[in-house]
2 protein chains.
Amino acid sequence: MANIREIAKVAGVSVATVSRVLNGYPYVKEEKRKAVWEAVEKLNYTKNINAVHLAKGKTSIVGVVLPYVNHPYFGAIVEGISREALRYGYHLLLFQTNYEVQKELEALEMLRMKQVDGLIICSRIVSWDVIDVYKDDGPIVLCEDVKGRDVLSVYINHYEAFLFAMKYLMNKGHRKIGYCIGRTTGTNSKAREAAYYDALRNIHESPRKEWIFDHCLYIEDGKRVVNEWLALPEKPTALLVSSDQVAAGIVLWGRREGINIPEDLAVFSFDNHPIAEALEITTMDLPLSLMGTKAFRMIYQCLETGKIAKKSEKLDARLIERSSV
Amino acid sequence: MANIREIAKVAGVSVATVSRVLNGYPYVKEEKRKAVWEAVEKLNYTKNINAVHLAKGKTSIVGVVLPYVNHPYFGAIVEGISREALRYGYHLLLFQTNYEVQKELEALEMLRMKQVDGLIICSRIVSWDVIDVYKDDGPIVLCEDVKGRDVLSVYINHYEAFLFAMKYLMNKGHRKIGYCIGRTTGTNSKAREAAYYDALRNIHESPRKEWIFDHCLYIEDGKRVVNEWLALPEKPTALLVSSDQVAAGIVLWGRREGINIPEDLAVFSFDNHPIAEALEITTMDLPLSLMGTKAFRMIYQCLETGKIAKKSEKLDARLIERSSV
DNA sequence: TTGTAGGCGTTATCAA
DNA sequence: TTGATAACGCCTACAA
């Protein structure tokens, strides 16, 4: 494969001139410019981008850290990141972690090694001190409330959203409310949990362990929830479900079991995916794609200007009222 | 940021020795080995991976080309690729193309520029001659039937799967069969179309344009199909739907419109996503994740051994019989 | 077992 | 406008 030196030789110019032509810099005589392009054509030359990366000290690649690539929640975020990255000529390196510390560390190491210029962490399990170690190696944006810590972040106000949903259910007369969540660890989950407990406290209800369903991520998890709900001696009359996917599962398997929604069981969900519309599930619209877009922009701005306009941005959810409550 | 030379200086050895230690090569006195690690620790050193890439002429990155990151079909493929890539220490660079030629070209260019060692093209729009141009720049695996062309491929036998489904519907007495597809261009779509036409010809039915629904990708497209179906003067009694997402939309909006499934309209779908189980949709299980895994392995084998065991692999679909037909 | 030196392919600085 | 040449940071013969 030809390199810039060969081009220089064939075109009868210096490598510096070739580089100038290749990168569209001024101050090159039209004649030489042409000679260079001809040589490029003739030798079927292309830049070796690794050499560019090394020389420039940057890659125009942003790393995306997420537990599962194949979940609509993260799919929506990645979509938002991807769209914006495309606009600015950046590429995306995917780090699927399955919430394994090792994998997350690897992504952070890649930032240090300059494999990526910046990192967007959609969800994590590593502790703050670990992230702190890497924060001088490049911009890191987290999709969670970092509560004043010295890292960039764009996040959805899950506390408010959950609280809002709880109040909505209470206004409809519900007092016995359970909830379904993907995992109980993690900032976002904690925020939701806090809202749940706070809301219950307000009406002097004490939370019950058996009304909290963990590991709810996919449609099929709704089946499990329905079965467990059916087996409950005392049942909640409403369920707050952190994902439309799971809510859809609950509604669908619930129907098959003859459960009337919302009469027997009200379902209030989050995300506002198309499936929620199709099933007429009341949900909170979460601006996931927007969050991805904003996360990328933060990285981008940091990279290009070195400045940070806003260190942290909070995004609000929006009620989509349908008939599952 | 410290580099290998500084480490050498601090440790009192040569850069070659540092490199040996860093890469775990033998023939280094334990004492020097220790000195190197201490220097690494002291200077908080990390390799610059771009320099490694340049020196080695490879990146251990595989590019993944797909139209939409946020669709379950492609999500499943990426998941399979990702899982396998993780095992072998490879990383994934995502190219979301939206089926724009420009974007696909960019990915191919990245192969030439050695940004990626290989490319997995999940779906494409560029023509064969374009791909031919790049095939000497690194292994390219396509997820479609390449029909003897000189490229690697792993693909699902869509023709057989569609034909099988058509026969299944016919056995159930259907003769008026429509179909829904994501796009009408593309090898996979053409294979499905061919099966559809061939099957109709077998029973001496001529295809009708108004029974073919294009641009069906997401749940919400099912709504459109239902509305169009309702408006049809003469309606098909069965629909072959190329995606569970769309089938789910059809079933759900169909129910809301009072359509009985399968009595008024039978729905036969593809993918076997959890949503199909939840809605009791008869579908063909497509080994998407497996296809991704195999695609990666092909690239990997090609890269590591330089040899190709199998140039092309065909994967079969499997009937999942439920009650929508 | 260790070190020297050249190579990987660009970019960027500086002098002409 | 142009060209030399020194980075960029690591790998790897080859020699010792």
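Labels below follow one simple rule: chain letters A, B, ... track the order of the sequence lines, proteins then strands, and each chain is numbered from 1. Keep in mind that this is a model prediction, so the values were computed, not measured.
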Here the salt bridge (Lys or Arg N to Asp or Glu O under 4.0 Å) pairs for residues 286-303 of chain B, sequence neighbours left out, are B:Glu84-B:Arg297, B:Lys294-B:Glu313
Under a 4.0 Å heavy-atom criterion, DNA chain D is touched by chain A from D:dT1 to D:dG9
So the salt bridge (Lys or Arg N to Asp or Glu O under 4.0 Å) pairs with at least one residue in residues 51-74 of chain A (sequence neighbours excluded) are A:Lys58-A:Glu304
Taken to the nearest whole Å, NZ/B:Lys32 to C1'/C:dG3 is 9 Å
Quick note, salt bridge (Lys or Arg N to Asp or Glu O under 4.0 Å) partners involving residues 39-53 of chain A, not counting sequence neighbours, are none
Note to self: Please determine whether a side-chain nitrogen or oxygen atom of B:Thr17 lies at a distance below 4.0 Å from atom OP1 or OP2 of C:dG3.
What the structure shows: yes
Sorted by chain and number, sequence neighbours left out, ring-ring contact (aromatic ring centres under 6.0 Å, His included) with A:Phe95 holds for B:His91
Pair A:Phe296-A:Tyr90, ring pair (Phe, Tyr, Trp, His ring centres under 6.0 Å): steps then yes or no: CA-CA 10 Å; A:Phe296 178 83; A:Tyr90 271 69; 5.5 Å; yes
Between the protein and nucleotides 11-14 of chain C, list the N/O to N/O atom pairs that are separated by less than 3.5 angstrom.
{"unit_1": "C:dT11", "atom_1": "OP1", "unit_2": "A:Asn23", "atom_2": "ND2", "d": "3.4"}
{"unit_1": "C:dT11", "atom_1": "OP1", "unit_2": "A:Lys47", "atom_2": "NZ", "d": "3.2"}
{"unit_1": "C:dT11", "atom_1": "OP2", "unit_2": "A:Ser19", "atom_2": "OG", "d": "2.8"}
{"unit_1": "C:dT11", "atom_1": "OP2", "unit_2": "A:Asn23", "atom_2": "ND2", "d": "3.3"}

Contacts of B:Gln96 meeting side-chain hydrogen bond (donor to acceptor under 3.5 Å, both in side chains) (sequence neighbours excluded), chain-then-number -> A:Ser82, B:Asn98
Those residues at least two apart in sequence (or on a different chain) that pass side-chain hydrogen bond (donor to acceptor under 3.5 Å, both in side chains) with A:Lys310 are none
Sorted by chain and number, sequence neighbours left out, ring-ring contact (aromatic ring centres under 6.0 Å, His included) with B:Tyr45 holds for none
Axis-to-axis angle across the helix from C:dT1-D:dA16 to C:dA16-D:dT1, five pairs each end, nearest 10 degrees, ~ 40°
From CZ of A:Arg5 across to P of C:dG7 the rounded distance in Å is 9 Å
For B:Tyr88 and B:Tyr300, take the angle between the two ring planes, folded into 0 to 90°, and tell me which bin it lands in: parallel under 30, tilted 30 to 60, perpendicular over 60. tilted
From CD of B:Glu30 across to C1' of C:dT2 the rounded distance in Å is 15 Å
The salt bridge (charged side-chain N to carboxylate O under 4.0 Å, His left out) partners of A:Arg5 (sequence neighbours excluded) come to none
For B:Thr97, the side-chain hydrogen bond (donor to acceptor under 3.5 Å, both in side chains) test, sequence neighbours excluded, returns none
Between OH of A:Tyr45 and C1' of C:dG9 the distance, given in whole Å, is 7 Å
Atom NE2 of A:His53 and atom C1' of C:dC8 are separated, to the nearest Å, by 15 Å
Between B:Lys114 and B:Lys29, whichever has its closest DNA chain C nucleotide further toward 5' is B:Lys29
